[in-house]
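What follows is a short report on a single structure.
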Protein chains: 2
Amino acid sequence: MTRSTEQTIVEAAILVLNEDYSAPLERVAEQAGVTRRTLHRYFTGREELLACCAREMQRSCREALTQALASSPEPLVQLEHMLYAGIDCGAKYAFFTKLHTRPDHQHAPGQAADCAEYDALQARCRAVITRLQHDGRISAHLPAEWVLLLLSGVVKTTIDARMVGATEPHLRQFAWFSFSKGIGL
Amino acid sequence: MTRSTEQTIVEAAILVLNEDYSAPLERVAEQAGVTRRTLHRYFTGREELLACCAREMQRSCREALTQALASSPEPLVQLEHMLYAGIDCGAKYAFFTKLHTRPDHQHAPGQAADCAEYDALQARCRAVITRLQHDGRISAHLPAEWVLLLLSGVVKTTIDARMVGATEPHLRQFAWFSFSKGIGL
DNA sequence: TGAAGATGTCTCAAATATGAGACATCTTGC
DNA sequence: GCAAGATGTCTCATATTTGAGACATCTTCA
């Protein structure tokens, strides 16, 4: 199962490097339940590992978001599912947005496409929000930027709550309650 | 101005290490506008620097929270000022809570007191929340834990928004709007 | 069973991070 | 202008991290 080990390492890397970006790769291998030597067999170095993480996060977030948007023509339902999509992606979502909002985020050659897709995903989210605002369903005095950031914030809060040990089915309800009310629904 | 340089380094360390916990100290020195050599004159190593950061974050958060609670006998006003206190502390608040909620957070000798104070501050916040819930001012179906986490989350969101470049006076209004509605006010 | 593929162990060289000594230089208050 | 204190520069030794070769072991499937 070559594919599985590589995938395990990438998942581990996303978890660890999201918490501690410069953590030694030993820590990633540990989290993956693998030797550092094995990690290096799959990834030449941190750069390559990070690139694979970026691709995986992008793939996962794109898929989850696409499903959320396809779940209903009703933007309010779409918004709710967007929130759940972020929660389900967990660290992948958190790390993905973190990487693309860092102040030192430089567009290295080959990463430009990634950034373009990030922007595209962001745009699709914004469209849902502005439409709701236009229809007067949610508060229009909040900038769409703030609503997007709040969405991320509530997702991260939900992840935190899960780590502290909160019961799962209620978490989504709390998250949607707080987010929807928080944007003036 | 011996005091000032030390303080500058600590502030820089809080900013940098909050973003990237294992970042090389060179990065901290850079942020402080100082040489690595100078940093090492004030702090023997990462441990000591982190301990000073912890003390500074604790001091700053304690002071801000205390002022917030003293601002009014009305718990709703206290809550609003608690939010603003977190926003004003910025990275100090974010890093402070991060350090004390990490899963690998072990109580080294000498840090037990810090954790006790963190718990004490947390308890004071929780008291305000439970009182509001008891009085039926905010939604009682949300656990106080969730409300506390949401408070942190909105503070972090506000910090993110500020970094992206949002206009300051509105930010607080957005933050309080989203947080207060989000807890069912 | 046994050959192929995957992983662990041991080892090592290179790169990077850390901590500090020695001394020059740069403020600052007198 | 100068003495004291603070900081920068250059340098070095040590520690940690990184990347990979060589080989043993372990799994698995025909």
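The chains referred to below are lettered A, B, ... by the order of the sequence lines, with proteins before strands, and numbering in each begins at 1. As the structure is a computational prediction, the values presented were derived from the model and not from experiment.
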message: I need the residues from residues 23-39 of chain A with at least one non-hydrogen atom less than 4.0 Å from DNA chain D; give them sorted by number, or say none.
response: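 Here the set is A/P24, A/L25, A/R36, A/R37.
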Measure from CD1 on A/I9 to P on D/dG19 and round the result to the nearest Å.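 So the CD1-P distance, A/I9 to D/dG19, works out to 14 Å.
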Would you say [Y] and [X] are linked by a side-chain donor-acceptor pair, where the criterion is simply a distance under 3.5 Å?
X: A/S178; Y: B/W146; answer: yes
X: A/E11; Y: A/Q7; answer: yes
X: A/S60; Y: A/Y93; answer: no

[X] side chain near [Y] side chain, heavy-atom distance below 4.5 Å:
X: A/Y118; Y: A/T101; result: yes
X: A/I183; Y: A/L79; result: yes
X: A/R124; Y: A/T66; result: yes
X: A/T35; Y: A/H40; result: no

Apply side-chain hydrogen bond (donor to acceptor under 3.5 Å, both in side chains) to B/R172 and list each qualifying residue two or more places apart in sequence or on a separate chain.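 For B/R172, the residues satisfying side-chain hydrogen bond (donor to acceptor under 3.5 Å, both in side chains) (neighbours in sequence not counted) are B/D88.
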Query raised in the report: Who are the side-chain hydrogen bond (donor to acceptor under 3.5 Å, both in side chains) partners of A/E47, not counting sequence neighbours?
Result: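 Once residues adjacent in sequence are excluded, A/E47 has no partner under the side-chain hydrogen bond (donor to acceptor under 3.5 Å, both in side chains) criterion.
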When you check the gap from the basic side-chain N to the acidic O, do B/E19 and A/R102 get nearer than 4.0 Å?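 A salt bridge links B/E19 with A/R102.
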A/E30 and A/R36 ion-paired at < 4.0 Å:
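A salt bridge is absent here (no side-chain N lies under 4.0 Å from a carboxylate O).
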Can you list, by residue number, the residues of residues 45-55 of chain A that have a non-hydrogen atom closer than 4.0 angstrom to DNA chain C?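 Contacting residues: none.
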Angle, rounded to 10°, between the helical axes spanning five pairs at each terminus of the helix from C/dT1-D/dA30 to C/dC30-D/dG1?
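Inter-axis angle at the ends, rounded: 30°.
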*asked:* Strictly distance-based, threshold 3.5 Å: is any side-chain N or O of B/Q31 a donor or acceptor partner for the main-chain N or O of B/A12?
replied: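 Not a single qualifying donor-acceptor pair exists.
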(message) Whether the side chain of A/Q58 engages the backbone of A/E117 through a donor-acceptor N/O pair (distance < 3.5 Å, no angle test) should be reported.
(response)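 Checking the backbone N and O of A/E117 against the side chain of A/Q58, no donor-acceptor pair under 3.5 Å is found.
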inquiry  = Is there, by distance only and without an angle test, a donor paired with an acceptor across the side chain of A/R41 and the base of C/dG8 below 3.5 Å?
reply    =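 Yes, a donor-acceptor pair under 3.5 Å.
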- So, is B/Y42 close to the D/dA6 phosphate, meaning a side-chain N or O under 4.0 Å from OP1 or OP2?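 Answer is no, no contact under 4.0 Å.
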*Can you check whether A/T5 has a side-chain N or O nearer than 4.0 Å to OP1 or OP2 of C/dT7?*
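Yes, such a contact exists.
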Pick out the pairs of N or O atoms, protein on one side and nucleotides 25-27 of chain D on the other, that lie under 3.5 Å.
none

